[in-house]
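Proteins get letters first, then strands, A, B, ... in listed order; numbering begins at 1 in each.
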Protein chains: 2
Amino acid sequence: MQLQHLRYFTALARERHFARAASACGVSQPTLSAGLSALEHDLGKRLIERDRRFIGLTEEGAAILPWAEQVLGAVRGLTHASAALSVELQGEFRLAAIPAALPLVGAFGEALLAQNRGLAMSVHSQTSREIERGLAANTFDAGITYLDHEPAGNVLSVPLHEEQYLFVARRGTGFDGRTCVDWAEVAEMRLCLLHQGMQFRRILDRQFADCGLSVMPPAIADSYVSLLSLVRSGEFVTIFPAAYADLVSGLDWCLFLPFDAEPAPRRIGLVVVDRDPMGPMARAGLLAAQALQRVGKVG
Amino acid sequence: MQLQHLRYFTALARERHFARAASACGVSQPTLSAGLSALEHDLGKRLIERDRRFIGLTEEGAAILPWAEQVLGAVRGLTHASAALSVELQGEFRLAAIPAALPLVGAFGEALLAQNRGLAMSVHSQTSREIERGLAANTFDAGITYLDHEPAGNVLSVPLHEEQYLFVARRGTGFDGRTCVDWAEVAEMRLCLLHQGMQFRRILDRQFADCGLSVMPPAIADSYVSLLSLVRSGEFVTIFPAAYADLVSGLDWCLFLPFDAEPAPRRIGLVVVDRDPMGPMARAGLLAAQALQRVGKVG
DNA sequence: CGTTGTTGATAGGGATTGGCTATCATCTGG
DNA sequence: CCAGATGATAGCCAATCCCTATCAACAACG
């Protein structure tokens, strides 16, 4: 069995297209095709459903896919481990973060890249569920997400931030004199919020429910930028994580108000998978997060 | 990088000898030598300290060794996963067990092989510490060991047995009429016990300590067979796990007595590593252990 | 209904490399 | 000084990995 063939296989599973997968692997399409045939021959199983075009993976193919990712992840770990001893860490640090934590990636990236000049960080905005899967599948080296909500399958974490909420409205829409708002009145307003698949939304829903309220926001988006744009129209109000609000606090048309009753803050932090030989990327991420934690300056 | 080269590398690390490692891999010695050179060239690092003979691994070599084992373990998982779907599980189930649990491997093996006719089980007697390392390094598919003592790095376990203690003496040495013994008097006798690196010995030491006693056994061995042989001489007495005693209860010269006060029983069971895609071997082991647990017949 | 673009498989050739046997260089022990 | 052990080197062969060029089947569309 060839490692390269496993790369072809995972690429095809990802791209769902022979030519694109080949290009992603930097080889020609016939090469990828032949490599996959060889892999199927090695295992004695058809892994790919094809009907003159890519259909999907067979049952066997789906069964071995996570294993192929494990193999390749371990190979990455091996190469990094060998490279890390003599010189600095090199390559791409693949960080996934929930949208609410995006304001933290600046400080984290600063710490990480200061400690590892050879690294390049790539940030991927993902839901907490996707981060969990991506960590298990070695798609990401680390994630920044909620620490207390996860079923947490074998992860190490470093808390970075405690999330608070801020009410957001456009100036001149009746809130200018206010110093705070309460949850009950907000529930009655024209809210725009994230969609229900996203963790921050679920947390808010639970917060409203804890107050005996339920919300049916007339506008739903999948990014804070969209929410901000909706608020700017003056038609809507929304709720931001404080870290996110800080990032855009310079906007003169935008008004942020605290709530009268803050729920228990949600811890947000860095998570990496806790495998036996810890990958140098994971280690570097933990070190950077710990440095950040000591300084106390996050966001 | 070639998977085969990683096999060469782990074999060499295990055998500490080029020719033996080559033979273990089923290739000629120059082939292995060249393969290792290629691996070193790939990584750009010397991995092996050589001085006309094998000296040891370099720092880099030691760093990548656990990763190489991860890679190969994942490859095994992949192969098994692909094979397991259609037909029965094949190959070798590598079980490690502490000596005190060796009497359990019969029932476990029976259950495992009944459920998986294509499997062959190989049993390795190891200390609990070695089992822990071997599981992490993919040297074993499962272990049978104490469940409550482990620091437990990501393992799944199924309890199989609760260990009790029996006093063992040769008949005709003054114990024939007795129905039980107490810890204090045993502490005064000429005991032979396992050496202190072994878990069962440490458990006994703690048991004695809990009774305010301390023992300095005049004979120490690393196997129960040796202990039994020492007891047979009539000069010594010892303490066996009840499961072990059952196994040799047919010996007419041998006398087993319970203790008056039993400490809390120690749970012994099957452990497998809890990785994200669970290996079919681990799964098969768990299933066999669970079947055994339901039947309640272990040992 | 024919044309065109897309998608994946096949054919053939060249370069790489993994493997073998045979041999050598060096060290160890007697 | 000789014999054995250990690992590296040389030279050769076969496998295979990858490429370009091409083909076959299908879909979309005028």
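Residue Arg50(B) places at least one side-chain N or O closer than 4.0 Å to OP1 or OP2 of dA8(D). At least one side-chain nitrogen or oxygen of Thr31(B) sits closer than 4.0 Å to the OP1 or OP2 atom of dC20(C). Dashed line: the shortest gap from a side-chain N or O of Tyr8(A) to OP1 or OP2 of dC17(D) is not under 4.0 Å. For the pair His17(A) and dT6(C), the criterion of a side-chain N or O lying under 4.0 Å from OP1 or OP2 is not met. Between Gln4(B) and the phosphate of dG19(C), there is a side-chain N or O to OP1/OP2 separation shorter than 4.0 Å. Between Ser33(B) and dG7(D) there is no side-chain polar atom (N or O) within less than 4.0 angstrom of OP1 or OP2.
Side-chain proximity of Gln2(B) to dG18(C), dA9(C), dC20(C): nearest is dG18(C). Side-chain atoms of Ser28(B) lie closest to dC20(C) of the nucleotides dC19(D), dG18(C), dC20(C). Closest to the side chain of Val27(A), out of dA8(D), dC19(D), dG8(C), is dC19(D). Closest to the His5(B) side chain, of the nucleotides dC20(C), dG18(C), dG7(D), is dG18(C).
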Verdict with reasoning, Thr10(B) to Glu69(B), per side-chain hydrogen bond (donor to acceptor under 3.5 Å, both in side chains):
CA-CA 7 Å; Thr10(B) 57; Glu69(B) 276 158 352; over 6 Å; no
Go through it in stages, so that I can follow the logic: the residues are Arg7(B) and Leu72(B), the test is side chain to side chain contact (heavy atoms under 4.5 Å, CB included), and I'd like the CA-CA distance, side-chain angles, deciding distance and then a yes or no.
CA-CA 7 Å; Arg7(B) 294 198 186 93; Leu72(B) 297 178; 3.8 Å; yes
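Going from atom CG of Leu36(A) over to atom P of dC17(D) covers 12 Å, rounded to whole Å. Rounded to whole Å, the distance from CG on Leu39(B) to P on dG18(C) is 11 Å. As rounded to whole Å, 14 Å separates atom P of dT20(D) from atom CG of Leu32(A). When rounded to the nearest whole Å, the span between CD1 of Ile55(A) and P of dC26(D) equals 12 Å. Rounding to whole angstrom units, CD of residue Gln29(A) and P of dT22(D) are separated by 15 Å. Remark: C1' of dT6(C) and CZ of Arg16(A) are 17 Å apart, rounded to the nearest angstrom. The separation between Ile48(B) atom CD1 and dT6(D) atom C1' is 14 Å, rounded to whole Å. Between Glu15(B) atom CD and dA5(D) atom P there is a gap of 18 Å when expressed in whole angstrom units.
Nearer the 5' end of DNA chain D, as judged by each residue's closest nucleotide, is the contact made by Arg20(B), out of Arg20(B) and Ser37(B). Residues Ala34(B) and Pro30(B) both approach DNA chain C. Their nearest nucleotides, taken by heavy-atom distance, put Ala34(B) toward the 5′ side.
Test Leu65(A), Leu47(A), Leu43(A) against Glu60(A) for side chain to side chain contact (heavy atoms under 4.5 Å, CB included) and you get one pass: Leu47(A).
Of the possible polar contacts, none joining the Arg16(B) side chain to the Gly56(B) backbone as a donor-acceptor pair under 3.5 Å is found.
Using a cutoff of 4.0 Å between basic side-chain nitrogens and carboxylate oxygens, Arg50(B) and Glu40(B) are scored as salt-bridged.
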